[in-house]
Every structure is written in structure tokens, then in C-alpha cells.
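Just below is one structure, and these are the notes that go with it.
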Amino acid sequence: MNERDSEAVAALLRGRGYSIVDHEKEADVVLLNTCAVRDQAEQKAIGKAGHLGKIKRRNPNFMIGIMGCMAQNRGEALIDRLPDLDLLVGTQKFHRVPEMLDQLFASQRGLGPRPSTLIELGEEKGSEETIKDHTPGERKVSAFVSIMQGCNMHCTFCIVPKTRGEERYRSMEAICLEIEELVANGTKEVTLLGQIVNSYGMREIPYKKGKSPFVQLLERVHDIEGLERIRFTSPHPRGFQKDLVAAYGELEKLVPYVHLPLQSGSDRMLKLMRRPYTVRRYKEIVEQLRAVKPEMCLSTDIIVGFPGETEADFAETQTVFEDIGFDMAYLFKYSERAGTKAAEMEDDISDEIKEARNQALLEILGKRSLWRNQQLIGTVQEVLVEGPAKRGEHLYTGRNPGNRKVIFPGTERLIGEMVPVRIEEATISTIRGELVLAGV
Ligand code: 5AD
């Protein structure tokens with residue numbers, strides 16, 4: 001989501017005549033887009049901004065801005081810590097960045113008073129529709145498309161409702177128009193983005209023939225000619241109803257991959273986290289998905305070391321994690337966020353225990369991922385070619401429907417094409433194969 005927000009700001013800036021450079025050393029302005037989900041992310045951004053502040057002291061014309069969730073979360077207090085900041089931009093004000101920069105540059109040229117830090121942290125009605133720009137002329141084989149902003153859930157560990165506000169949805173028309181333009185520019189795959197995508201349009205757009213607004217949106221996106229694959233992230237287990245499961249059977253562009261955050265395998269923990277489902281219900285969704293698409297790939301988010309997580313709770317998570325068998329997982333050590341409900345509980349699990357629990361899950365994940373990757377050996381995978389591989393001459397990379405990266409010898413001409421690749425080698429991190437050539 002942050003990547004998409006940054007991309008939209010960059011597109012707006014380009015439209016205003018600014019150019020994006022490859023390295024911060026060449027830049028007149030550095031904007032840091034930030035995350036507030038865990039303390040580590042915030043500390044990293046603060047460290048980086050502090051470092052940039054040193055450059056500014058040598059070159060007063062150099063400008064630094066902080067955008068996004070940390071700006072929203074910490075507000076003006078950030079300026080006490082980082083007095084060199086020129087801009088502070090909240091999550092509903094990304095589209096204001098070009099004007100703010102214009103103002104700063106005008107004052108630099110002596111055309112206006114030198115403002116102290118420019119601050120935009122307010123809420124703005126309609127701001128959800130402003131994350132829509134892509135750089136004209138740039139071909140993105142796979143593109144992110146924001147369909148909504150904010151979150152109405154109240155997970156006790158999570159800062160996002162504070163940083164992103166209440167749920168606001170873009171119109172289906174605007175979303176489809178954006179995708180049509182992307183496709184006209186060569187995009188073959190989109191990932192629909194939202195904090196909880198299956199809440200899309202809730203209580204605003206009526207159900208139609210038992211289909212939720214999100215499934216209606218998927219159907220409309222599916223109708224866009226030239227688009228080949230649809231992904232989305234993330235759905236919430238609550239509200240993962242039969243219509244969405246059925247969509248996997250009906251919409252062939254919908255890839256057999258789902259990122260479904262579990263958070264914990266202990267019902268007691270889920271309750272404390274205020275996640276309104278049980279492990280049993282989660283498993284039921286997985287079973288339903290696998291019944292519709294046996295090849296379904298699954299990934300998840302897990303938090304270890306939430307306050308009060310006992311060995312028994314964690315053992316349940318381990319068992320469930322192993323039983324379900326995830327292709328990918330993002331494992332997080334619980335990080336206390338001021339202002340959340342969980343911050344009122346004691347962060348009583350030591351770092352050592354959090355680390356050990358993290359490692360234990362990583363081990364399970366590693367075995368499973370390797371096994372799943374090795375299952376692909378000998379199969380022919382449909383790969384959407386994204387570009388040259390990072391290393392190796394004439395090697396190209398793309399993804400299979402299950403979102404696995406596949407490397408194979410190819411040519412530039414194949415970028416943006418769906419090609420059949422026979423898988424020959426698989427490790428935990430890399431899958432390699434050869435193009436299957438028709439008639440050869
Ligand atoms: N500590 C650790 N992980 C967290 N996440 C959200 N809040 C926290 C926190 N306070 C994780 C959740 C979520 C993912 C995006 O980040 O697993 O799904």
C-alpha cells in the first residue's frame with residue numbers, strides 16, 4: 001500500500017514537472033513514505049530522516065519530507081525530534097505534495113516567506129479517490145490499484161485505524177477506469193489494494209444476487225478486456241463469505257492465491273486481539289477455497305508474543321500453522337503501539353521468547369515452502385514475465401499464478417507476455433525453468 005501511495009505521489013510530481021532521480025544524492029528533495037505498524041519501521045524512518053538532516057545542514061536548499069502513517073501517527077511532535085523537516089504529510093494528503101513543494105521552492109527563490117515546516121495532517125473527504133495516478137508512458141506489467149482507504153476493525157494491536165482513518169471506498173467506475181487505462185498501457189495484472197478489501201463498499205453498495213460489493217467489483221474488473229490476472233490484498237477472515245469463495249471458481253482471471261491474515265492459532269489470543277473469528281472458522285474458509293481450487297496458494301500474517309501469549313497458546317499456533325500449510329507467511333514479533341487497546345496490557349513476552357517463537361514458525365514455513373516449490377518440478381507453469389532477473393545474463397523473471405517467482409532464460413520481447421515455463425529446479429527461494437516452445 002505504501003509502495004502504491006509513493007508511486008501515486010511520484011506520478012503527480014512528474015505531472016507537475018518534477019523528475020524522480022535514481023539516487024538520493026542527486027535529489028533536491030527526499031520524501032520518506034513511512035509505516036507505523038511496528039516500532040522498528042518508525043525508528044528506521046526517524047534514523048533515515050535524521051541522517052538526511054545532516055545533509056541539509058551542509059546544504060540548506062536540500063528539502064526533507066515525511067509522508068504517510070508515521071506522520072499521521074506522531075503528528076507535529078515529529079518536528080521536535082526532526083527540526084529539519086520541510087514537509088509533514090498525512091495519509092489523506094498525499095495529493096497535496098506537489099503544491100506544497102511548489103510553495104517551498106517559490107520561497108527558496110525568494111518569491112515568498114520562508115515557511116517553517118509545512119504540515120498537512122487533516123482528514124479530507126474524497127481523498128480516497130486521489131490515489132489513482134500512474135506515471136504516463138511507463139509500462140507496468142503488474143500494477144497496484146487502491147480500491148479503498150482506512151479500516152473499521154478494532155484489532156487491539158493495530159495502529160492503522162488511527163493512521164488511515166475510517167473506511168472510505170472509491171467508486172467502481174473510477175477503479176475500472178484506472179485499470180482500463182493501465183491495460184491500454186500494457187498492464188496484464190492488477191492487485192487490488194485495501195486494508196480489508198472484502199469490506200469494500202459495505203453498507204454503501206447493496207448486495208446483488210447474494211454478491212457482496214467486493215465480489216461485484218471483482219466481476220467488473222474481470223470483464224476488462226486485455227487484463228489477464230487479478231490479485232487482491234488483503235481480505236479479512238470475517239466477511240470471507242461463500243460469494244467470494246465461489247468467485248474463485250467463476251472468475252478465471254482471479255489467481256489461485258490468497259493472503260489471509262490469521263494472526264494467531266489460539267482462539268484465546270484471537271479474542272484478546274479482537275479478531276472476530278475462530279481457528280475453526282478460518283480452517284473452514286481454507287477448506288472451502290481448496291475445494292474450489294485445489295492448487296490454491298495461501299499466505300498469512302502471524303503475530304508472535306502478543307501480551308499474555310502462553311507456551312500453550314503458541315503451541316496451538318504452531319500446530320495450526322503446520323496443519324494449514326502456508327506457502328508464504330509474514331511473521332511479526334508483537335510491537336506495542338501507543339494508543340492501541342493492547343498497549344494497555346503489559347507487553348510481557350520477552351524479546352528472546354518472541355524471537356524463538358518467530359524462528360519456530362520460520363522453520364515450519366521453510367520446510368513447507370520448499371516442499372511446495374519442489375512439487376512444481378516437472379510441471380509447466382504459466383508465467384507472466386515482468387523483466388530481466390537481477391542476476392544472470394539472458395535470465396528473465398516472472399510469476400506463476402501462485403505468486404511464485406520463476407527464473408528462466410528468455411528475451412526482452414517476452415516482457416509482459418504470459419509464457420509456459422517447465423520447472424526444472426526449486427529451492428526455498430528460487431524456482432528455475434525453461435520456456436516451453438510450441439511445436440518444439
Ligand atoms: N505488532 C506486530 N505486528 C503487527 N501487525 C499489525 N500491528 C502489529 C503490531 N502492533 C502485523 C499484523 C498485520 C500486519 C500488516 O502487521 O500481522 O496483519
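Remember, predicted model here, so these are calculated numbers, not experimental data. Whatever order the structure lists them in is the order used to number ligands and atoms, beginning at 1. Note: hydrogens, waters and symmetry copies are ignored here, and every other heavy atom, side chains too, is used.
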Look up atom CG in Leu227 and atom NZ in Lys188, then write down how far apart they are to the nearest 0.5 Å. 10.0 Å
Taking atom CD of Glu287 and atom CD1 of Ile324, what is their separation to the nearest 0.5 Å? 9.0 Å
Is it the case that the ring center of Phe214 lies less than 6.0 angstrom away from the ring center of Phe232? yes
Can you find a side-chain donor-acceptor pair between Asp243 and Ser212 that sits under 3.5 Å? yes
Going by the order shown, which atoms of ligand 1 are within less than 4.0 Å of some heavy atom of Val37? 4 (C), 5 (N), 6 (C), 7 (N), 8 (C), 9 (C), 10 (N), 16 (O)
Near Arg38 (heavy-atom distance under 4.0 Å), the atoms of ligand 1 are 1 (N), 2 (C), 3 (N)
Best match, Asp301, Ile159, Leu262: closest heavy atom to atom 14 (C) of ligand 1: Asp301
Atom 17 (O) of ligand 1 - nearest protein heavy atom and its distance: Gln263 OE1, 2.7 Å
Out of Arg81, Arg337, Lys48, which residue meets the salt bridge (Lys or Arg N to Asp or Glu O under 4.0 Å) rule with Glu42? Arg337
Can you tell me which residue and heavy atom of the protein come closest to atom 10 (N) of ligand 1, and the distance to 0.1 Å? Ser335 O, 2.7 Å
Under 4.0 Å from a heavy atom of Arg337: which atoms of ligand 1 are those, numbered in the order shown and with their elements? 10 (N)
For atom 7 (N) of ligand 1, which protein heavy atom lies nearest, and how many Å away is it? Phe157 CD1, 3.3 Å
State, without any angle test, whether Glu322 and Gln318 hold a side-chain donor-acceptor pair at a distance under 3.5 Å. no
Does the residue Lys333 have a heavy-atom contact with ligand 1, meaning some pair of atoms that are separated by less than 4.0 Å? yes
Glu336-Tyr334 side chain donor-acceptor pair, cut-off 3.5 Å: no
Out of all atoms in ligand 1, which are within 4.0 Å of some heavy atom of Tyr334? Include the element for each. 1 (N), 2 (C)
closest protein heavy atom to atom 4 (C) of ligand 1 is Ile303 CD1, 3.6 Å
Roughly how far, to the nearest 0.5 Å, is the CG atom of Leu298 from the CG atom of Asp327? 6.5 Å
Counting both backbone and side chain atoms, is some N or O of Phe332 under 3.5 Å from an N or O of ligand 1? no
